[in-house]
Amino acid sequence: MKMSQKVLKFALFIALGMFLGCREGQYAPDDEFVDLYVELKLVSVASVQDPNKANEVRMAILAQHGMTPAEFHEHFLRLAAHPDTWRSFQERVVSRMDAFQKEHQNGK
């Protein structure tokens, strides 16, 4: 998959979250889900050239977190149904990814 296709796919992913209607009640994903999402995102970025390996690693990460792909999807849909929460979730994801990059830059 070309990088421009990945960017488009990610943009559509974010747009989906922003445009889905808000359901009643509040939802805020816990830190564990944010960590899981970040790990999965990092695998996607790092494994662009080998999607089969990426899928294997994603399945292992989900298992480490005690979650099936269906459960992850359910959590994601719940998050996407609360656009007011989506922005803060993405800010937490970006913050964790930035921290990860800084740790690995300092470790070199």
Side-chain angles (χ1 to χ4, degrees):
M1 182 180 288
K2 292 181 179 178
M3 186 57 111
S4 61
Q5 289 174 325
K6 282 192 72 68
V7 171
L8 179 59
K9 189 175 180 181
F10 187 68
L12 290 172
F13 183 72
I14 290 175
L16 172 68
M18 291 173 49
F19 289 112
L20 287 175
C22 184
R23 294 185 184 164
E24 289 184 32
Q26 295 293 320
Y27 174 69
D30 60 16
D31 288 339
E32 173 110 9
F33 186 76
V34 173
D35 290 341
L36 171 59
Y37 188 88
V38 167
E39 289 180 48
L40 294 173
K41 191 60 161 161
L42 290 170
V43 167
S44 294
V45 171
S47 302
V48 168
Q49 301 301 320
D50 192 352
N52 291 329
K53 181 67 173 175
N55 285 334
E56 289 176 27
V57 174
R58 281 187 207 107
M59 294 301 289
I61 290 170
L62 286 168
Q64 288 173 351
H65 285 266
M67 192 175 289
T68 67
E71 291 168 332
F72 176 82
H73 184 70
E74 183 181 314
H75 282 338
F76 176 77
L77 289 178
R78 187 171 178 201
L79 173 64
H82 293 84
D84 54 319
T85 303
W86 183 256
R87 181 181 179 120
S88 65
F89 171 74
Q90 285 298 316
E91 288 170 353
R92 290 167 65 195
V93 167
V94 168
S95 176
R96 295 264 171 83
M97 291 183 86
D98 287 347
F100 176 82
Q101 287 178 335
K102 286 179 185 175
E103 287 174 17
H104 284 77
Q105 285 176 350
N106 292 337
K108 288 185 177 181

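Bear in mind the structure is a predicted one, so any value in this text is a computation, not a measurement. Residues take their numbers from the sequence shown, with the count starting at 1.
- Applying the side chain to side chain contact (heavy atoms under 4.5 Å, CB included) test to V43 and every residue at least two apart in sequence or in another chain returns S47, A54, V57, R58, I61.
- Between Y37 and F76, the ring planes are parallel. Angles under 30° get that label, and only those over 60° would be called perpendicular.
- Put simply, the side chain of L36 reaches to within 4.5 Å of the side chain of L62, judged on heavy atoms.
- Smallest separation of non-hydrogen atoms from R92 and P29: NH1-O, 2.9 Å.
- A 4.5 Å side-chain heavy-atom check between V93 and K41 finds every atom pair outside the cut-off.
- Every side chain to side chain donor-acceptor pair (under 3.5 Å) that E91 has, sequence neighbours left out, goes to R87.
- To the nearest 0.5 Å, atom CD of residue E39 and atom CD of residue Q64 are 6.5 Å apart.
- Judged by distance alone, with hydrogens and angles left aside, the side-chain atoms of S44 form a donor-acceptor pair with the main-chain N or O of L40 at under 3.5 Å.
- Listed by chain and residue number, D98 satisfy the side chain to side chain contact (heavy atoms under 4.5 Å, CB included) test with V94 (two or more places apart in sequence, or in another chain).
- Put simply, the side chain of V38 does not reach to within 4.5 Å of the side chain of F100, judged on heavy atoms.
- Taking the salt bridge (charged side-chain N to carboxylate O under 4.0 Å, His left out) definition, one finds that D35 meets it with R96, sequence neighbours left out.
- For CD of E74, the number of neighbouring non-hydrogen atoms (other residues, nucleotides, ligands) closer than 6.0 Å is 12 at most.
- By the side chain to side chain donor-acceptor pair (under 3.5 Å) test, E32 pairs with H65, sequence neighbours left out.
- Shown here are the side chain to side chain contact (heavy atoms under 4.5 Å, CB included) partners of S95, two or more places apart in sequence or in another chain: there are none.
- Between A28 and T85, the closest heavy-atom pair is CA-CG2, 4.0 Å.
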